[in-house]
Amino acid sequence: AYLYVKEPSKVPRDDCSLLPDHHYWIKSKRIVTPDGIICGAVGVKGKFITSVVTENDWRGASKGEQVIDYGEAVVMPGLVDVHAHLDDPGRADWEGFPSGTKAAAAGGITTLIDMPLNSDPSTTSTETLELKIKAAEKNIYVDVGFWGGLVPGNAFNSSTLEALLEAGVLGLKSFMCPSGIDDFPMTNADHIKEGLSVLAKYRRPLLVHAELQLDSGSHLDLNTEDARSYSTYLKTRPPAWEEAAIRELLTVTKDTRIGGSAEGAHLHIVHLSDASSSLDLIKEAKVNGDSLSVETCPHYLAFTAEEIQDGDTRFKCAPPIRDAPNREKLWEALMDGHIDMLSSDHSPTVPELKLLGEGNFLRAWGGISGLQFVLPVTWSYGKKYGVTLEQLALWWSERPAKIAGLKLKGAIASGNLADIVVWDPSAEFDLSDEYPVYIKHPSISAYMGKRLAGKVFATFVGGNLVYKEGKHAPTACGVQILAKR
Ligand SMILES: NC(=O)NC(NC(N)=O)C(=O)[O-]
Ligand SMILES: [Zn+2]
Ligand SMILES: [Zn+2]
């Protein structure tokens, strides 16, 4: 897919960046490139990276070129978050484009792909995509693309789906269980099969929330179970739900094999939590040649069911955070390459709907709020497993950029867009109430109160320094990324 970008009109460029220069060099002893970590310099001209050189090969700055020396700080490709719900338009009181993309910039995320649900209306047609585009106009501090929704109402209507894809969504997203959003009903394998055959023509992916409601859980007497206890919620969504959904999905991902009826389409399973049977099924399908990938999220890697306190609904999400042995297996799968990448699944709401006072896990809104902290969380919790900087770049930039079809993003390489995060892996900080948090409702974030390592110093998007040490560029100059055939 080719891309075109919709840039905000009539903004003086200097308002877009905290750096007045358009030609500059970023120097560091630790630059993470596709060829390894180098000590050297990254040349930027306008929007693009024009050279990546080692210290020895660097000829220095020409006249008029600025040099920013970050010393030992890590210079890495900006993060690409392919799974975030910014809820704008319609539920901007839950998050919104301005707050969500400011949080992204502060967290080193330079591109974010917005989910088609939780905004009102959901993005399931060209008309509703138009509303997204209008809402994002002049309101985004990082680059933003959009997923469209695959729902029963459009799945058998290939002209509606094609129109939505022609209008620029980067791919489609669907649910195999109720989404909690009225205008985003769930799809079954027949809908998904239809969706994949349309997507094949466009070579764009389908992202699926893979949980299938089974009877398990229904034998629970929810009147006698303690709804404030996390274990009650956990019992209502067992790993068997993920496994059943994935088993069903694999009956249609066969079509994506070379020579299959949906060759060219790709299926991406979002937010895997079950690291046992579900993961085994995915591994097997990959071996068989299905075009399939899978992500997990920092909250499944950071937390365990055992440590979630009664009533602390900040930790409610679907699929649920499971037990400690499962978390170990998730890390193992990630380190072994069986889980392809990471995403935030930032899914906030208003504090009232999290029911923090009442603490009812069965009635509270499900969704983890943590967009701004995904880099330090992955790093802090991953250190004991030996996570490397190269792996962070692979899971958070290179692979997500590829899924979204973003050819000029995801790596520090000459010719790519200058999307860069500069951060200090050893700097620790407490996520206390004083910490500058830009998501709209910090109180519902599962990460508040934690001590993390990995502080973001600076974030560049398309050559603009959009965030620097607690400060954002004055104007929101992120571009909208739309796919084009
Ligand atoms: N409607 C939602 O945002 N749901 C989300 N909620 C979670 N993950 O708890 C999701 O991604 O499924
Ligand atoms: Zn989901
Ligand atoms: Zn989600």
Side-chain angles (χ1 to χ4, degrees), residues 81-88 90-96 100 104 112-124 145-151 171-187 192 205-213 230 233-234 236-237 241-242 245-246 249 267-274 278 294-303 305 308 312-322 341-350 353-355 361-371 374 400 403-404 439-441 444-446:
D81 183 8
V82 300
H83 189 158
H85 303 261
L86 295 191
D87 314 336
D88 202 351
R91 290 194 186 87
D93 52 330
W94 289 20
E95 188 57 89
L112 184 154
I113 318 298
D114 183 48
M115 278 294 167
L117 71 159
N118 299 6
S119 50
D120 186 15
S122 293
T123 316
T124 54
F146 309 100
W147 301 119
L150 176 73
V151 290
L172 300 174
K173 157 76 178 290
S174 85
F175 268 69
M176 295 181 80
C177 62
S179 73
I181 296 290
D182 290 341
D183 71 344
F184 206 93
M186 64 182 183
T187 49
I192 290 170
L206 175 64
L207 285 74
V208 181
H209 177 127
E211 280 185 299
L212 199 68
Q213 271 182 315
Y230 183 74
Y233 174 60
L234 192 56
T236 66
R237 294 184 99 104
W241 283 30
E242 286 186 76
I246 291 167
L249 274 178
L267 195 132
H268 178 73
I269 293 170
V270 299
H271 55 41
L272 183 81
S273 175
D274 170 35
S278 302
V294 59
E295 76 189 20
T296 191
C297 309
H299 39 278
Y300 300 115
L301 298 168
F303 306 128
I308 299 173
D312 198 349
T313 56
R314 294 178 303 156
F315 294 89
K316 178 180 177 180
C317 61
I321 293 164
R322 305 193 190 280
M341 48 180 268
L342 300 173
S343 77
S344 73
D345 191 15
H346 179 62
S347 182
T349 183
V350 284
L353 292 182
K354 267 300 198 191
L355 306 176
F361 274 107
L362 302 176
R363 290 185 43 242
W365 173 258
I368 298 287
S369 191
L371 183 65
V374 293
I403 283 282
I439 56 175
K440 192 159 272 178
H441 302 290
I444 62 168
S445 174

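Ligands are counted one by one from 1 in listed order, and the atoms in each one are counted from 1 as well. Source: prediction; values computed, not measured. Positions are given from 1, in the same order as the sequence printed here.
- A donor and an acceptor atom, one from each side chain of D183 and S122, are located under 3.5 Å apart.
- The one candidate from L117, L86, D120 that meets the side chain to side chain contact (heavy atoms under 4.5 Å, CB included) condition with R91 is D120.
- The protein residues lying under 4.0 angstrom from ligand 1, judged by non-hydrogen atoms, are H83, H85, L117, N118, F175, S179, H209, H271, C317, A318, D345, S347, W365, G366, G367.
- Side chains of S344 and D81: a donor-acceptor N/O pair is present below 3.5 angstrom, by distance only.
- Contact of the T349 side chain with the K354 side chain is registered, since non-hydrogen atoms from C-beta on lie closer than 4.5 Å.
- Of all protein atoms, those of element N, O or S that lie under 2.8 Å from the Zn ion (ligand 3) number 3.
- Side-chain atoms of H209 and H271 include a donor-acceptor pair closer than 3.5 Å.
- No side-chain heavy atom of H268 sits under 4.5 Å from any side-chain heavy atom of L206.
- A ring-centre distance under 6.0 Å is not found for H346 and H85.
- Counting all heavy atoms, side chain and backbone alike, T187 lies closest to S174 at OG1-OG, 2.9 Å.
- Between F303 and F315, the ring center distance clears the sub-6.0 Å criterion.
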